[in-house]
J.: 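Would you mind keeping the following structure in view while I ask a few things?
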Amino acid sequence: MSNKIYAPKGTNDILPENIPLWEKIENAAKDIAGRYGFKQIRTPEFESTNLFERGVGDTTDIVQKEMYTFTHRGKESLTLKPEGTAPVVRSFIENGMSSAAQPVKLFYLTNCFRCENPQKGRYRQFHQFGIEVFGAEDASSDAEVISVAYEFLKELGIKDVVAKVNSVGCPTCRKNYYEKLKAFISPKLDKLCDDCKNRFEKNPMRLIDCKVETCKEHIQGAPLMIDNLCTDCKDHFEKVKEYLDAMEVEYEVDPTIVRGLDYYTNTAFEFIPKDNTKSQAAIGAGGRYNGLVETLGGPKTAGIGLAMGIERILIQLEEQGITFPLENVTDLYIAPMGEAAKTTALKYATIMRREGFIVQTDVMNRSLKAQMKYADKINAKYVAMIGDEELEKGVLLVRDMQTKEQTEVAFGDLPGFLRK
Ligand code: AMP
């Protein structure tokens with residue numbers, strides 16, 4: 001029997017060769033969010049379970065089936081964060097951010113954990129870039145949030161992703177709509193899937209986006225929220241569209257994008273690849289949640305947010321053949337020959353690193369030939385050789401690994417030589 005230990009199902013190592021790509025994506029997220037005035041927030045990896053029960057909703061798949069929940073010392077129920085919004089809202093309330101200058105604009109890059117059936121683009125541990133805006137009710141804020149996602153994808157060169165937008169109204173117009181929707185569905189309810197049956201009372205709007213084929217057929221022709229908005233919600237949605245046009249965001253109205261819990265209001269949106277209709281294809285999603293801060297015990301505060309899946313972005317980059325030139329990872333390899341040179345090499349390496357260069361030297365007691373081979377493998381731009389002769393003269397024999405040209409350089413001149 002093998003005693004090898006494997007990574008848990010649905011998790012991935014991010015290997016050193018992939019880190020530059022991850023950093024590229026994370027830096028693009030930070031840059032874009034920063035340009036809009038968002039500040040970073042980091043919340044714990046686990047929270048009280050009831051934060052998600054209340055903040056995500058106990059009729060959602062996340063809460064019903066996907067949370068990693070454990071009991072701490074037989075007392076407190078804790079859950080690994082399945083999403084980023086509820087923790088940020090908790091922190092907003094706990095840290096009294098409602099008395100800061102409004103709007104409060106926060107972004108995060110976080111791990112998320114959901115116990116799902118792993119497949120391409122769907123993992124048990126994944127990563128999200130998300131933003132949240134508190135205190136802004138105006139439609140321009142909705143447009144700004146959607147445009148952050150749009151500009152982020154644009155910055156990475158991802159094409160053919162469409163922003164699908166919808167309005168889920170407010171509790172008032174939703175009440176009338178639910179009556180109409182339920183009247184339409186009631187006669188067919190026994191033909192729908194168990195999820196739909198369960199949601200019928202508590203969250204009927206979610207029946208609109210059921211992915212089961214037979215349900216889809218029965219739902220066809222159902223009244224849509226977008227056709228039943230009250231005047232205020234209708235005006236808000238019209239404004240969102242107007243502002244999206246002004247911000248040059250390409251979008252489509254899609255009435256099947258729904259949320260349906262009480263704290264969701266007005267705008268709901270998703271970013272979906274144009275040629276892909278699979279449910280796990282959404283690259284990002286978000287919406288307005290004017291009731292959420294109150295639901296979690298805070299003061300009445302408007303809110304809107306968005307979360308993008310980093311792994312889904314990686315899939316798009318790969319499918320669209322988008323690559324980024326990788327940085328040369330080693331500026332200088334110092335190759336000592338002999339014990340005395342080795343001490344000097346370590347000393348020089350330290351000084352050069354303090355100067356800001358990426359420097360490696362021999363820690364394997366390799367021959368010069370083997371060191372040159374290694375320097376080649378790690379893509380060193382320069383190799384500086386030190387033997388007895390160089391030691392005596394206080395110089396290094398510097399080889400440009402591309403041109404193969406060799407120059408004797410006094411150590412004091414080395415930083416300038418490398419920077420030229
Ligand atoms: P959600 O909170 O479910 O709307 O998710 C927001 C975004 O996170 C989705 O649009 C996906 O890009 C990503 N996402 C959600 N669940 C997963 C998962 N299990 N694995 C990878 N990415 C995910």
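Atoms considered below: every heavy atom in the structure, side chains included; atoms not considered: hydrogens, waters and symmetry mates. In listed order, ligands and their atoms are each counted from 1.
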J.: Tell me yes or no: between the side chains of Thr330 and Lys381, is some donor less than 3.5 Å from an acceptor?
T.: no
J.: Of all the non-hydrogen atoms in the protein, which one sits nearest to atom 2 (O) of ligand 1, and at what distance?
T.: Arg114 NH2, 2.9 Å
J.: Check for me whether Arg122 has a heavy atom closer than 4.0 Å to any atom of ligand 1.
T.: yes
J.: Write out the residue and atom name of the closest protein heavy atom to atom 21 (C) of ligand 1, then the distance separating them to 0.1 Å.
T.: Gly121 O, 3.2 Å
J.: Tell me the nearest of Ala307, Gly130, Ala285, Gly84 to atom 4 (O) of ligand 1, using heavy-atom distances.
T.: Ala285
J.: Looking at atom 8 (O) of ligand 1, what's its closest protein heavy atom, distance included?
T.: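 Looking at atom 8 (O) of ligand 1, the protein heavy atom closest to it is Gln128 NE2, 3.1 Å.
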J.: Which protein non-hydrogen atom lies closest to atom 20 (N) of ligand 1, naming both residue and atom, and how far is it?
T.: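 Residue, atom and distance for the closest contact: Tyr123 N, 2.9 Å.
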J.: Is the closest side-chain donor-acceptor distance between Asp58 and Gln64 under 3.5 Å?
T.: no
J.: To the nearest 0.1 Å, how far is atom 22 (N) of ligand 1 from its closest protein heavy atom, and which atom is that?
T.: Phe126 CD1, 3.4 Å
J.: For atom 13 (C) of ligand 1, what's the nearest protein heavy-atom neighbour? Residue, atom name and distance, please.
T.: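 Among all protein heavy atoms, the one nearest atom 13 (C) of ligand 1 is Gly309 CA, 3.7 Å.
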J.: Between Asn290 and Lys300, is any side-chain donor less than 3.5 angstrom from a side-chain acceptor?
T.: no
J.: Please tell me whether Tyr150 and Glu248 have a donor and an acceptor in their side chains that are separated by less than 3.5 angstrom.
T.: no
J.: In this structure, which one of Asp142, Thr267, Asn266 forms a side-chain hydrogen bond (donor to acceptor under 3.5 Å, both in side chains) with Arg288?
T.: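 For Arg288, the side-chain hydrogen bond (donor to acceptor under 3.5 Å, both in side chains) check succeeds only for Asp142.
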J.: Does Glu311 have a heavy atom less than 4.0 Å from any atom of ligand 1?
T.: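 No, Glu311 has no heavy atom closer than 4.0 Å to ligand 1.
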J.: Among all protein heavy atoms, pick the one closest to atom 9 (C) of ligand 1 and tell me residue, atom and distance.
T.: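 That would be Ala282 O, 3.8 Å.
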J.: Under 3.5 Å, is there a donor-acceptor pair between the Tyr36 and Ser147 side chains?
T.: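 Distance-only check passes for Tyr36 and Ser147.
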J.: Taking atom types as modelled and ignoring hydrogens, do the side chains of Glu132 and Thr85 form a donor-acceptor contact shorter than 3.5 angstrom?
T.: yes
J.: Check each of Asp61, Leu314, Ile283 against atom 12 (O) of ligand 1 and report the one with the nearest heavy atom.
T.: Ile283
J.: With a cut-off of 3.5 Å and sequence neighbours excluded, list every side-chain donor-acceptor pair involving residues 23-33.
T.:
from: Asn27; atom 1: ND2; to: Glu23; atom 2: O; distance (Å): 3.2

J.: Between the side chains of Lys81 and Asn111, does any donor sit under 3.5 Å from an acceptor?
T.: no
J.: What atoms of ligand 1 come closer than 4.0 angstrom to any heavy atom of Gly284?
T.: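 Answer, ordered by atom number: 10 (O).
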J.: Are any of the N/O atoms in Glu116 less than 3.5 Å from those in ligand 1?
T.: yes
